[in-house]
Amino acid sequence: MSITILDAQCLYLKKINGHATAGFLLQYNWQSAKGTPVRTLQLALSISGAGQDTSSTYLNKKVICQYENPWTIPNLLSLVRIGLAPVLGYLIVEEDFNVALGVFTLAGITDLLDGFIARNWANQKSALGSALDPLADKILISVLYVSLTCANLIPVPLTSLIILRDIVLIAAVFYVRFKTLSPPRTLSRYFNPCYATAQLKPTFISKMNTAVQLILVAASLAAPVFNYVDSVYLHILWCLTALTTTASGYSYYHYGRKTFKVINNK
């Protein structure tokens, strides 16, 4: 891991009673300690006013701050899966189900690979990946369900339920990001994937729901290829998917803060 050194100084001043000022000088740099970036802070406090001498106090403090490399193999595989989503949507709308089934299989392989790599290589695991992987799944599933509904292979109410749940969860992720990002909360820092603030922890029923949703997608894609569009088993899968989708949405509401872990910067 390369060592990056950054030096900066910030001076903050505030008027007191119209003539006195209070301020502090903040100096910090980035170092590396056992592979984890460390921000070393030096704080100089000063208070001055008319006819007063300036006094200063210095405080040295080390703060662990997660500043990670977002370009890991699992994250790149998640981006590939996001890129395959519109391709799959186009193929399904055009009713090219044979090719769509092959592309869907490729997307499934990337999903298995990124999870396997992140679990077995510590340097490939990241806080960004904990959000990007499920986000890629949600984008892929949403596009697939909308396009399969347009092809009359999945009912509209089921797709509406899935899309509504995903919109709520994605909004919750953005809210968690905002609340866990330390000041100043600028757009550049908010959307900078290198600043890791929280790690998401999906519930068990949510993982099961994702599996059920993908099984239904695979079965629906294969239905026109193998001629079982009107099978009763597809209808059973519809009901099961609606049940797990509702249960997973409730599980995030029920467990609340237990579904994400704030990265402590102390």
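To the nearest 0.5 angstrom, Trp238 atom CH2 is 8.0 Å from Ile154 atom CD1. The CG atom of Leu144 lies 5.0 Å from the CG atom of Leu88; values are rounded to the nearest 0.5 Å. The OG1 atom of Thr241 sits 6.0 Å away from the CD1 atom of Ile162 when rounded to the nearest 0.5 Å. Interatomic distance, Leu84 CG to Asp111 CG, rounded to the nearest 0.5 Å: 11.5 Å. How far CG of Leu148 is from CZ of Phe97: 7.5 Å, rounded to the nearest 0.5 Å. Rounding to the nearest 0.5 Å places CG of Leu240 at 14.5 Å from NE2 of His235.
Proximity of Phe104 to Leu214: side-chain heavy atoms (C-beta onward) are separated by under 4.5 Å at one or more points. Within the 4.5 Å cutoff, the side chain of Thr72 has no heavy atoms near those of the Ile117 side chain. Using a 4.5 Å heavy-atom threshold, the side chains of Leu158 and Leu216 count as touching. The shortest side-chain heavy-atom distance between Leu221 and Val225 does not fall under the 4.5 Å cut-off.
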Self-check item: CA sep, side-chain torsions, deciding dist, call: Leu135, Val173, side-chain contact (heavy atoms from CB on, under 4.5 Å)
Solution: CA-CA 10 Å; Leu135 177 63; Val173 169; over 6 Å; no
Quiz item: Does the pair Asn75 and Leu79 meet the rule for a side-chain contact (heavy atoms from CB on, under 4.5 Å), with working shown?
Solution: CA-CA 6 Å; Asn75 291 349; Leu79 291 175; 5.7 Å; no
Exercise. Take Leu153 and Leu234 through the test side-chain contact (heavy atoms from CB on, under 4.5 Å) and record every step on the way to the result.
Key: CA-CA 9 Å; Leu153 292 173; Leu234 279 178; over 6 Å; no
Quiz item: Yes or no on side-chain contact (heavy atoms from CB on, under 4.5 Å) for Val146 and Ile163, after CA distance, side-chain angles and deciding distance?
Solution: CA-CA 9 Å; Val146 170; Ile163 297 298; 4.1 Å; yes
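Side-chain contact of Ser142 with Asp166: a donor-acceptor pair under 3.5 Å is present, judged by distance alone.
Shown here for Val93 and Ser147, the closest heavy-atom pair between the two residues is CG2-CB, 4.1 Å. Pairing each heavy atom of Ala218 with each of Leu101, the nearest pair is O-CD1, 4.2 Å. The minimum heavy-atom distance linking Asn209 with Ser248 is given by the pair ND2-OG, 3.5 Å. Scanning all heavy atoms of the two residues, the minimum distance from Ala85 to Ile139 falls at CB-CG2, 4.2 Å. Scanning both residues, Tyr145 and Thr159, for their nearest heavy atoms gives O-OG1, 3.5 Å. The nearest pair of heavy atoms linking Lys179 to Arg185 is O-NH2, 3.7 Å.
The closest donor-acceptor contact from the side chain of Tyr228 to the backbone of Ala219 lies under 3.5 Å.
A search for salt bridge (charged side-chain N to carboxylate O under 4.0 Å, His left out) contacts involving Asp133 returns Arg81, not counting sequence neighbours. With sequence neighbours left out, Ser220 forms a side chain to side chain donor-acceptor pair (under 3.5 Å) with no residue at all.
Cluster annotation: Ile170 and Ile82 are assigned to the same hydrophobic cluster (Ile/Leu/Val/Met/Phe/Trp/Tyr, side-chain heavy-atom contacts under 4.5 Å, transitive). Using a 4.5 Å cut-off between side-chain heavy atoms of Ile, Leu, Val, Met, Phe, Trp and Tyr, with links allowed through other members, Ile167 and Leu169 fall into different hydrophobic clusters. Cluster membership check: Ile141 shares its hydrophobic cluster with Val103, using side-chain heavy-atom separations under 4.5 Å among Ile, Leu, Val, Met, Phe, Trp and Tyr. At a threshold of 4.5 Å between side-chain heavy atoms, the hydrophobic network of Ile, Leu, Val, Met, Phe, Trp and Tyr places Val217 and Leu112 in two separate groups. Residues Ile205 and Val212 fall into different hydrophobic clusters, defined by Ile, Leu, Val, Met, Phe, Trp and Tyr side chains chained together at heavy-atom separations under 4.5 Å.
Taking the six-membered ring for Trp and thresholds of 30 and 60 degrees, Tyr250 and Tyr253 have ring planes inclined between 30 and 60 degrees apart.
Within a 6.0 Å radius of CG in Leu187, other residues, nucleotides and ligands contribute 12 heavy atoms or fewer.
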